[in-house]
Amino acid sequence: MDLLVVLTRLETKLDTATAGIADHETRIRVVEQSAVVESDIAQLRADVESLKRARWPLPTISAIAAVVAVVASVVPLIH
């Protein structure tokens, strides 16, 4: 074979291998970034759960207000 043909083939193979490595590195970066996103999501979930636990007084207050309203409307009927 001609030396130029062999060198051209080698260059093509090297270009392909280099592109594959660059693509692989790009995928690794995406995975690393998604790992950061997963930790952010975990933190947001924890925040949402804490907010859910902190909102219990609202339904309780409305239930107490409803009971007070019923008692207030029944008391005049009893007297």
Side-chain angles (χ1 to χ4, degrees):
M1 287 193 134
D2 187 40
L3 183 60
L4 184 60
V5 172
V6 172
L7 286 175
T8 304
R9 282 183 167 175
L10 267 172
E11 184 180 16
T12 304
K13 288 181 179 181
L14 282 173
D15 288 342
T16 304
T18 305
I21 291 171
D23 183 47
H24 180 69
E25 289 176 356
T26 303
R27 287 187 212 160
I28 289 174
R29 283 191 199 101
V30 168
V31 168
E32 287 172 346
Q33 289 173 353
S34 69
V36 170
V37 170
E38 288 296 324
S39 68
D40 291 343
I41 290 173
Q43 179 61 38
L44 286 173
R45 283 187 180 150
D47 291 346
V48 167
E49 289 302 317
S50 95
L51 288 173
K52 283 182 181 178
R53 283 190 299 276
R55 73 178 178 139
W56 69 267
L58 243 99
T60 304
I61 291 170
S62 62
I64 292 171
V67 169
V68 169
V70 167
V71 169
S73 65
V74 170
V75 168
L77 295 176
I78 295 173
H79 290 323

For this session: For the pair Ile28 and His24, evaluate side-chain contact (heavy atoms from CB on, under 4.5 Å) and give the outcome as yes or no after the intermediate values.
Result: CA-CA 6 Å; Ile28 289 174; His24 180 69; 3.3 Å; yes
Exercise. Given Ile78 and Val74, is the side-chain contact (heavy atoms from CB on, under 4.5 Å) satisfied, shown in steps?
Worked result: CA-CA 6 Å; Ile78 295 173; Val74 170; 3.8 Å; yes
Enter the distance from [X]:[atom1] to [Y]:[atom2] here, rounded to the nearest 0.5 Å.
| X | Y | atom1 | atom2 | result |
| --- | --- | --- | --- | --- |
| Leu7 | Arg9 | CG | CZ | 11.5 Å |
| Leu4 | Glu11 | CG | CD | 9.5 Å |
| Leu51 | Glu49 | CG | CD | 9.5 Å |

Exercise. Are Lys52 and Val48 side-chain neighbours, meaning at least one heavy-atom pair lies under 4.5 Å?
Worked result: yes
Exercise. Does Val75 reach the side chain of Val71, with side-chain heavy atoms less than 4.5 Å apart?
Worked result: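 Sidechains of Val71 and Val75: in contact.
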